[in-house]
Asks: 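The structure under discussion is supplied below as structure tokens; questions concerning it will follow.
Below, read A as the first sequence line, B as the second, and so on, with proteins coming before strands; counting in each chain starts at 1. All values below were derived from every heavy atom in this structure, side-chain atoms included, with hydrogens, water molecules and symmetry-related copies excluded.
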Amino acid sequence: MNPIKRIQGMQDILPEEWRYWNYVLDKGHELARLYGFERLDIPIMEKHELFERGIGTTADFFVQKEMYTIEEKKGAITLRPEFTAGVMRAYIQNGMSSWTQPVKLYLIGPIFRRERPQAGRFRQHHQFNCEILGEDDPAADVEVMMLALNLYRELGYKGLSFQLNSTGCKTCRPAYVEKLRDYLSQYVEQLGATDQERLTKNPLRVLDSKDKNVQPLLEDAPHLADHLCEDCATHFTDVQTMLQVLDAPYTINFRIVRGMDYYEKTVFEVLAQGIGAQSAVCGGGRYNLAPEIGGSSLPGVGFGSGIERIILGLKEAGIEPPAVPQPTVMIAHFGGETKVAAVKLAFELRQLGIGTRVAFARGKRSLKSQMREANNREVSYVVLLGEDELARGEVVVRPMDDRPQTTLPYADLVAYLTAD
RNA sequence: GCGGGUGUGGCGAAGGGGUUAUCGCGCCUGGUUGUGGCCCAGGAGAUCGUGGGUUCAAUUCCCACCACUCGCCCCA
């Protein structure tokens, strides 16, 4: 029988990994609260149509990333490949427009994309996601950006900066896209097959091309930032002004064009080292996608950050999170009556908040073996309950460091254990 | 979808056409009638990824497949 193995691209998160996870998640919760974001959870599956309409079928993301979709009698359902569309659905469905605006939400959970896995990229990964809904103030853009930046800073990342761009809006983008198309059309011959296809379907994406032959052509390409309408231009300037005041380093990168169709105005990424060939730990921007999924116009801004990638970066930088604390006591016994007493004592200690393990054994088990287990588990004390001790109402307490062991009345045990 | 790399006890590795497949870590037992770490002795644990081919003989050579992994693309 071949052992059954994990599905490709999916991970087990083992106990030793959890100290990293807890470190990151605790900081995420803490910052979210500090910035006034409230937690939202949504289902990991939605109707396929939500993503189809929300993400946009011309988006590379939608076209190339296979989603995990199940055909059901009532229509196709899909494991979420991102959070934003589901958040918008939840906003509309739960009538959040009647709440005090803006609504600030954060989410933590798994995301599924059927890509070929590699370092820093998985088919199931987890994101920490923050969204501000119902607000078009550029200060909101800056707030989510700073939340992300401070998350990484407080975790211990160094040398962080934003890659920033504006993708304009429905008013100014079409005119720019035509200019870009005209410009690029001169070089059709030199474009690769995918870039040629993009030129017709979504010319903006050519700016993001990794094709080394195409990159030189982009040197003199028109920049969207120079063709923004007044509203978008002001917005872009305001964001930059605030980032400067906050001493947040950023680089304007006209090639940042994100993969989802719904972005407008601000788009940004935060790059990090040490996550394989991947570089973005965080991507986000401003959008207005409620109309696509059947709601009224609603501005939003937010980011998603890959938790696995944050952790890879931490490891690369040699940042050590605190260890998960272990129980401090292990109770050893000699079976029979003494085991029953050990089990009882363990529950009493736990009631008092003292982390306790009991040595398990179906039959006889040597004290040596129990001591070895206690040593491996790094408990601070072994409490020994033998026949004699039980009869006399005593316990032997054996500190696992250099201190001598002592025999105590049962009643004095807690005082001894909590003394230091 | 396309390329590269790797598959040998639980984990990490070495090896090599033929006899009992090696080492380290981990695990178990004993040395200590009821006392861990260090040391010593012993022990359990492997269809050498799967299938086929070559050969008197394959875990070793060849082919295919599968899995894992890294990269392209794209993304968190």
Side-chain angles (χ1 to χ4, degrees), chain A residues 1-11 14 24 55 59-66 80-84 107-129 148 152 192-195 197-198 205 208-212 256-260 268-272 275-284 302-313 330 332-335 338 359 364-390 396-402 404-405 407:
Chain A
M1 280 279 282
N2 292 330
I4 295 169
K5 298 202 282 191
R6 238 183 282 130
I7 295 174
Q8 183 181 37
M10 308 214 170
Q11 305 281 303
L14 301 177
V24 173
I55 294 168
D60 280 3
F61 180 90
F62 192 92
V63 175
Q64 293 176 15
K65 307 300 171 191
E66 288 184 59
R80 61 189 180 199
E82 57 122 40
F83 269 129
T84 308
L107 303 94
I108 294 170
I111 295 291
F112 302 85
R113 298 177 188 173
R114 198 193 179 84
E115 307 169 88
R116 287 293 295 272
Q118 64 190 67
R121 200 174 72 187
F122 311 100
R123 288 186 165 185
Q124 176 181 344
H125 77 278
H126 296 74
Q127 283 190 17
F128 174 72
N129 213 270
Y152 307 133
T194 55
D195 284 329
E197 194 179 334
R198 284 166 167 172
R205 296 293 302 167
D208 198 28
S209 175
K210 301 298 187 298
D211 191 333
K212 286 181 181 60
I256 298 286
V257 182
R258 304 195 50 73
M260 270 67 87
F268 65 93
E269 290 181 1
V270 180
L271 307 184
I275 47 180
Q278 321 305 319
S279 58
V281 269
C282 173
F303 70 84
S305 186
I307 295 172
E308 286 85 351
R309 287 189 183 177
I310 295 175
I311 291 172
L312 280 169
M330 177 141 161
H333 57 82
F334 294 96
T338 63
K364 290 180 203 162
R365 183 165 172 198
S366 70
L367 182 56
K368 179 179 182 133
S369 160
Q370 297 181 63
M371 289 298 294
R372 189 158 35 223
E373 181 182 341
N375 184 64
N376 290 341
R377 295 199 187 279
E378 298 180 325
V379 298
S380 302
Y381 300 94
V382 169
V383 171
L384 179 53
L385 256 182
E387 306 278 356
D388 298 347
E389 289 81 10
L390 194 56
V396 172
V397 185
R398 172 84 148 99
M400 296 301 276
D401 51 24
D402 295 335
Q405 76 179 38
T407 304

Asks: Just how far is it from atom CZ of A:Phe128 to atom CZ of A:Phe83, taken to the nearest 0.5 Å?
Replies: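 CZ of A:Phe83 is found 10.5 Å from CZ of A:Phe128.
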Asks: Rounded to whole angstrom, note down the C1' distance from B:A44 over to B:G1.
Replies: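 It works out to 47 Å between them.
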Asks: Indicate, with a heavy-atom threshold strictly under 4.0 Å, whether A:Glu308 touches base, sugar-phosphate, or nothing.
Replies: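 Nothing: the residue A:Glu308, judged by heavy atoms under 4.0 Å, touches no strand.
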Asks: What integer distance in Å separates A:Gln8:CD from B:G7:C1'?
Replies: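 So the two atoms are 16 Å apart, to the nearest Å.
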Asks: Between CE of A:Met371 and CG of A:Asn376, what distance do you get to the nearest 0.5 Å?
Replies: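 These two atoms lie 11.0 Å from each other.
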Asks: Partner lookup for B:C2, please. Criteria are Watson-Crick or G-U wobble with both distances under 3.5 angstrom; report none if nothing qualifies.
Replies: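 By the stated definition (distances under 3.5 Å), B:G71 pairs with B:C2.
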Asks: Paired with B:A76 by Watson-Crick or G-U wobble geometry, both distances under 3.5 Å: which nucleotide is it?
Replies: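 Pairing partner: none.
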Asks: Given that A:Asp195 and A:Ala277 both sit by RNA chain B, which one's nearest nucleotide is further toward the 5' end?
Replies: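 Between the two, 5'-proximity favours A:Ala277.
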Asks: Mind checking A:Glu389 for me? I need base, sugar-phosphate or nothing, with any heavy atom below 4.0 Å counting as a touch.
Replies: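 Counting heavy atoms under 4.0 Å across all strands, the contact made by A:Glu389 includes a base.
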Asks: Does any donor atom in the side chain of A:Arg365 or A:Gln370 lie under 3.5 Å from an acceptor atom in the other side chain?
Replies: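 No - no donor-acceptor pair under 3.5 Å links their side chains.
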Asks: Hey, what do you get for CD (A:Glu115) to CD (A:Glu66), rounding to the nearest 0.5 Å?
Replies: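 Nearest 0.5 Å value for the CD-CD distance: 10.0 Å.
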Asks: Quick check for you: to the nearest 0.5 Å, what is the distance between A:Gln11 atom CD and A:His126 atom NE2?
Replies: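 Rounded to the nearest 0.5 Å, the CD-NE2 separation comes to 10.0 Å.
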Asks: Rounded to whole Å, how long is the line connecting atom CZ of A:Arg365 with atom C1' of B:G34?
Replies: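 Distance, rounded to whole Å: 14 Å.
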Asks: What's A:Gly276 touching, base or sugar-phosphate or nothing? Going by heavy atoms closer than 4.0 Å.
Replies: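 Since only primed, P, OP1 and OP2 atoms lie under 4.0 Å of A:Gly276, the category is sugar-phosphate.
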Asks: Side-chain contact test, heavy atoms from C-beta onward, threshold under 4.5 Å: evaluate it for A:His125 versus A:Ile307 and give yes or no.
Replies: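 The answer is no, as the side chains (C-beta and beyond) never meet within the 4.5 Å cut-off.
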Asks: Heavy atoms under 4.0 Å, any strand shown: does A:Leu384 hit a base, just sugar-phosphate, or nothing?
Replies: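 Base contact.
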Asks: Write down the distance separating the C1' atoms in B:U32 and B:C38, rounded off to the nearest Å.
Replies: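 Looking at atom C1' only, B:U32 and B:C38 are 15 Å apart.
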Asks: Return the pairing partner of B:G17 with a 3.5 Å limit on both distances, Watson-Crick or G-U wobble; otherwise return none.
Replies: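 Pairing partner, where one exists within any strand: none, as none qualifies.
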Asks: Would you give a per-nucleotide map of nucleotides 36-44 of chain B, 5' to 3', where B means the base has a protein non-hydrogen atom under 4.0 Å away, S means only the sugar-phosphate does, and - means neither?
Replies: BB-------
Asks: Which nucleotide wins on minimum distance to the side chain of A:Arg121, given the candidates B:C73, B:C68, B:G71?
Replies: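 Given the options B:C73, B:C68, B:G71, the side chain of A:Arg121 is closest to B:C73.
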Asks: Among A:Val396, A:Val397, A:Thr338, which residue meets the side-chain contact (heavy atoms from CB on, under 4.5 Å) test with A:Leu384?
Replies: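 Option passing the side-chain contact (heavy atoms from CB on, under 4.5 Å) with A:Leu384: A:Val396.
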Asks: Suppose you measure atom P in B:C2 against the same atom in B:C65; what distance do you get, rounded to whole Å?
Replies: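 These two P atoms come out 12 Å apart once rounded.
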Asks: Can you check the distance between B:C48 and B:G52, where both ends of the measurement are the P atom (answer in whole Å)?
Replies: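 Here B:C48 and B:G52 have their P atoms 14 Å from each other.
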Asks: Within the 4.0 Å heavy-atom criterion, would you say A:Phe303 contacts the bases, only the backbone, or no part of the nucleic acid?
Replies: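 It contacts nothing in the nucleic acid.
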Asks: Using purine N1 to pyrimidine N3 plus N6-O4 or O6-N4 for Watson-Crick, or N1-O2 and O6-N3 for G-U wobble, both under 3.5 Å, which nucleotide pairs with B:C25?
Replies: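 By the stated definition (distances under 3.5 Å), B:G10 pairs with B:C25.
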Asks: What's the spacing between A:Ile108 CD1 and A:Gln127 CD if we round to 0.5 Å?
Replies: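 If we round to the nearest 0.5 Å, A:Ile108:CD1 and A:Gln127:CD are 11.5 Å apart.
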Asks: Please report the distance separating the P of B:U47 from the corresponding atom of B:C28, rounded so that it comes out in whole Å.
Replies: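 Between the two P atoms, the distance is 22 Å.
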Asks: Calculate the interatomic distance between A:Ile256 atom CD1 and B:A76 atom P; express it in whole Å.
Replies: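 Those two atoms, CD1 and P, are 11 Å apart.
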Asks: Rounded to whole angstrom, note down the C1' distance from B:G17 over to B:C27.
Replies: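 Rounded to whole Å, the distance is 35 Å.
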Asks: Could you tell me the separation between the CE atom of A:Met10 and the C1' atom of B:A67, rounded to a whole number of Å?
Replies: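 The distance from CE of A:Met10 to C1' of B:A67 comes to 16 Å, rounded to the nearest Å.
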Asks: Could you let me know what B:C65 is paired to, Watson-Crick or G-U wobble, both distances under 3.5 Å, or none if it's on its own?
Replies: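 With both distances under 3.5 Å, B:C65 matches B:G49.
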Asks: Could you tell me how far B:U19 sits from B:C39 if I compare only their P atoms? Round to whole Å.
Replies: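 That atom pair is separated by 34 Å.
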Asks: Measure from CG on A:Leu312 to P on B:C70 and round the result to the nearest Å.
Replies: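 It works out to 9 Å between those atoms.
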Asks: Looking at A:Gln118, does any N or O in its side chain come under 4.0 Å of the phosphate oxygens OP1/OP2 on B:C72?
Replies: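 For A:Gln118, the contact criterion (side-chain N or O under 4.0 Å from OP1 or OP2 of B:C72) is met.
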Asks: Is A:Gln127 close enough to B:A76 that one of its side-chain N or O atoms is under 4.0 Å from OP1 or OP2 there?
Replies: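 For B:A76, neither OP1 nor OP2 has a side-chain N or O of A:Gln127 closer than 4.0 Å.
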Asks: Nearest 0.5 Å please: distance from the CZ atom of A:Phe334 over to the CG atom of A:Leu390.
Replies: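 Interatomic distance, A:Phe334 CZ to A:Leu390 CG, rounded to 0.5 Å: 12.0 Å.
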Asks: If the P atom of B:G4 is compared with that of B:A64, how far apart are they to the nearest Å?
Replies: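 12 Å, rounded to whole Å.
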Asks: Considering every strand and a 4.0 Å limit on heavy-atom distances, what is the contact class for A:Ala374: base, sugar-phosphate, or nothing?
Replies: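 If one applies the 4.0 Å heavy-atom cut-off, A:Ala374 turns out to touch nothing in the nucleic acid.
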Asks: Return whichever of A:Phe334 or A:Ser279 has its heavy-atom-nearest nucleotide of RNA chain B closer to the 5' end.
Replies: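 Its nearest nucleotide being more 5', the pick is A:Phe334.
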